[in-house]
Amino acid sequence: MRWVDLVIEALLRAPTLALLALAFGVGQRFGARCELWGGAAAAVAAVGAGWLSSATGLGPVANAAAVVPLVFGAAYLLGVFVTTRPEIAGDPTRMFTASSLLAVAAVAVTVLWRGDDPVAATGGGNLRELFGGPSVSVDSAVDAAVASAAILALGALVTLSRFRVRLVVMDRAPELLVRAGHDARQVSALFGAVTASAAGLAGVLAARHGALTPTAAVALTVVGAETALLGGLGSIPGAIGAAVVLSLLGTLGDEVRQGWGGLAVHAVVLVVLFARQGHVGRWSTPRWEAAR
């Protein structure tokens, strides 16, 4: 039953990985910027939720209700006053530099505040047997449910609401937003804040099952970006499918030999990108349209 337990655990962690991937890739679908601070937001939120958990006695998931809105507010303000400024938003190089520096600064402040000690993992316990067979962690099931609900909420926001229309118009005809009384900079900043919040919640959930330090922001960025690339940037079903595949590969590979899981994940992503000739848009999107 050991391998069955590992498979179930990997599947339960997949929604968290998918949520992190969407923080990087969903912007491609609507023409909004793909923010680069998802890994930093995840690490900072995990540390903040861990600190609140020790201070209040509540669990990190409960404290995420306070931490994630703070991440949203900070990302929104940084977006309004820094990354949406015309001289920055209009230059890809400056945009990349500004976002990277903001991410580094957030991690640096967190390290200065509490050091680079790992956040204590609090999940994985309270096992329940399924029909007298494999065991399932109740904490992992709760985390999967929370991440799945967040994915549904994010999907509804960017596909069903009026916010989606503003995102599309901002990319294709920003002057129409001005005529309708909307500020394109605020719309862009709001989108960045939403994706940062998704990454923050993913970081809180991920830290419950493994050691996560503030400087793990780099690793989280790589993992989230790889999952987004494998599933196709901007595809919510693709992110979920890729998260399932990579979660299984990582978990089962490390069970065979420590480190093989991460190697298998990187290898699969590289092979898929090579097969798709570098095309990273949605799998159903024609290449000419993705490159437009």
Does [X] reach the main-chain N or O of [Y] with its side chain, forming a donor-acceptor pair under 3.5 Å?
X      : Y      : value
Thr227 : Ala18  : no
Thr213 : Asp117 : no
Asp116 : Thr215 : yes
Thr195 : Gly192 : yes

Between [X] and [Y], what is the shortest heavy-atom contact and its length?
X      : Y      : result
Gly39  : Thr221 : CA-OG1, 3.3 Å
Leu212 : Ala46  : CD2-CB, 4.0 Å
Ala41  : Val71  : CB-CG1, 4.2 Å
Thr16  : Ala147 : N-CB, 3.7 Å
Ala40  : Val107 : CB-CG2, 3.9 Å
Ala193 : Ala75  : CA-CB, 3.8 Å

Measuring from atom [atom1] of [X] to atom [atom2] of [Y], what distance do you get when rounded to the nearest 0.5 angstrom?
X      : Y      : atom1 : atom2 : answer
Phe24  : Leu220 : CZ    : CG    : 7.5 Å
Ile240 : Leu22  : CD1   : CG    : 7.0 Å
Thr83  : Arg94  : OG1   : CZ    : 14.0 Å
Ile151 : Ile236 : CD1   : CD1   : 8.0 Å
Leu17  : Glu226 : CG    : CD    : 10.0 Å
Leu101 : Trp37  : CG    : CH2   : 11.5 Å

Stepwise side chain to side chain contact (heavy atoms under 4.5 Å, CB included) test for Val187 and Phe191: CA-CA 6 Å; Val187 173; Phe191 179 81; 5.8 Å; no
Against Ser140, only a single residue in Leu12, Ile8, Leu11, Leu205 fulfils side-chain contact (heavy atoms from CB on, under 4.5 Å); can you say which?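 Of the listed options, the one satisfying the test is Leu12.
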Does atom CZ (Arg114) have a neighbourhood of more than 12 heavy atoms from anything else shown, all under 6.0 Å?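 Yes - once you tally the heavy atoms of other residues, nucleotides and ligands closer than 6.0 Å, there are more than 12.
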Please tell me whether [X] and [Y] are part of a single hydrophobic cluster in this structure, the criterion being side-chain heavy atoms less than 4.5 Å apart.
X      : Y      : answer
Val194 : Val80  : yes
Val222 : Leu233 : no
Leu273 : Val245 : yes
Leu157 : Leu201 : yes
Val68  : Leu58  : no

Run Asp91 and Phe96 through side chain to side chain contact (heavy atoms under 4.5 Å, CB included) and show every step you take. CA-CA 9 Å; Asp91 187 333; Phe96 176 84; over 6 Å; no
Pairs where residues 251-263 contributes a residue and the test side chain to side chain donor-acceptor pair (under 3.5 Å) is met, not counting sequence neighbours: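 Of all non-adjacent pairs touching residues 251-263, those that pass side chain to side chain donor-acceptor pair (under 3.5 Å) are Arg2-Glu255.
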Any side-chain donor-acceptor pair under 3.5 Å between Glu9 and Ser137?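 No - no donor-acceptor pair under 3.5 Å links their side chains.
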Any Leu252 side-chain heavy atom under 4.5 Å of Leu6 side chain: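 Sidechains of Leu6 and Leu252: in contact.
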